[in-house]
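Input: a single structure, listed below in structure tokens.
Below, read A as the first sequence line, B as the second, and so on, with proteins coming before strands; counting in each chain starts at 1.
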Amino acid sequence: GQSLEQPSEVTAVEGAIVQINCTYQTSGFYGLSWYQQHDGGAPTFLSYNGLDGLEETGRFSSFLSRSDSYGYLLLQELQMKDSASYFCAVLNSNSGYALNFGKGTSLLVTP
Amino acid sequence: SAVISQKPSRDICQRGTSLTIQCQVDSQVTMMFWYRQQPGQSLTLIATANQGSEATYESGFVIDKFPISRPNLTFSTLTVSNMSPEDSSIYLCSVGTGPKGYTFGSGTRLTVV
């Protein structure tokens, strides 16, 4: 089987930096992705790590350590519109390269 | 990334009936996936539907309950059969065109009464 663990809720102030951690146990690990989902919306791609290290895309960065089965999403200069659910997802070669999602982290950005 | 048109966006169905959800993609893609998401919960993979082969179902999901069609590289359907209130959920299709190219349909919100 497989499991992904991430915090259920995080609250941060506008303009701050927040880090959402994700640990995983899985066979067939190919890479780790991060998705954002607003209420009533579809998940949208944020970042992907296939190799160890940091990937930076604007205000969002993601990190992966394959040896530690650990990754994180870093959101900088938080804005109110960043209030959403954030999912880490393992890209799994044993599932036909499907994404297997963690339970999600609900981020609330306050003024 | 591919753009997906999913319909219907929502439906209210009587128990015991079936609903077919359609996903149309604006480009040819090999990998297509179907997920279920309870409100406020994570996405659970139902099956992988690659064109030219039978769908592969995850544990807990069976073909008789969730038959899938994938007639070509731009279209797929998922049918929720013999529905019960426990099937009330959001159903989403997804396609993958590379590790950074996974996109999702807008979802079908199903309520079974």
- prompt: Roughly how far, to the nearest 0.5 Å, is the NZ atom of Lys100(B) from the CG atom of Leu46(A)?
  reply: 12.5 Å
Tell me, for [X] versus chain A, whether the close heavy atoms (under 4.5 Å) come from the side chain, the backbone, both or neither.
X: Gln37(B); result: side chain
X: Leu92(B); result: side chain
X: Phe104(B); result: both
X: Thr48(B); result: side chain

Is the count of non-hydrogen atoms from other residues, nucleotides or ligands lying under 6.0 Å from [X] atom [atom1] greater than 12?
X: Gln38(B); atom1: CD; answer: yes
X: Asp39(A); atom1: CG; answer: no
X: Phe60(A); atom1: CZ; answer: yes
X: Lys65(B); atom1: NZ; answer: yes
X: Ile12(B); atom1: CD1; answer: no
X: Arg15(B); atom1: CZ; answer: no
X: Glu77(A); atom1: CD; answer: no

For [X], is it the side chain, the backbone, both or neither that has a heavy atom under 4.5 Å from a heavy atom of chain B?
X: Gln6(A); value: neither
X: Tyr97(A); value: both
X: Leu99(A); value: both

- prompt: Taking all atoms of both residues into account, what is the closest heavy-atom pair of Met31(B) and Gly96(A), and its distance?
  reply: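 Met31(B) and Gly96(A) have their closest heavy atoms at SD-O, 3.6 Å.
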Between [options], which has the largest tally of heavy atom pairs under 4.5 Å with chain B?
options: Gly50(A), Ser95(A), Gly31(A); value: Ser95(A)
options: Ala89(A), Ser47(A), Gly102(A), Ser33(A); value: Gly102(A)
options: Pro43(A), Ala42(A), Ser106(A); value: Pro43(A)

field: Which of Gly107(B), Pro99(B), Gly40(B) touches chain A most, by non-hydrogen pairs under 4.5 Å
entry: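 It is Pro99(B).
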task: State yes or no: do Leu73(A) and Leu78(A) share one hydrophobic cluster built from I, L, V, M, F, W and Y residues joined by side-chain heavy-atom distances below 4.5 Å, directly or via other members?
output: yes
Trp34(B) reachable from Val29(B) in the ILVMFWY side-chain graph, under 4.5 Å edges: no
Tyr102(B) and its side chain to side chain contact (heavy atoms under 4.5 Å, CB included) partner, picked from Tyr35(A), Phe45(A), Tyr48(A):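 Option passing the side chain to side chain contact (heavy atoms under 4.5 Å, CB included) with Tyr102(B): Tyr35(A).
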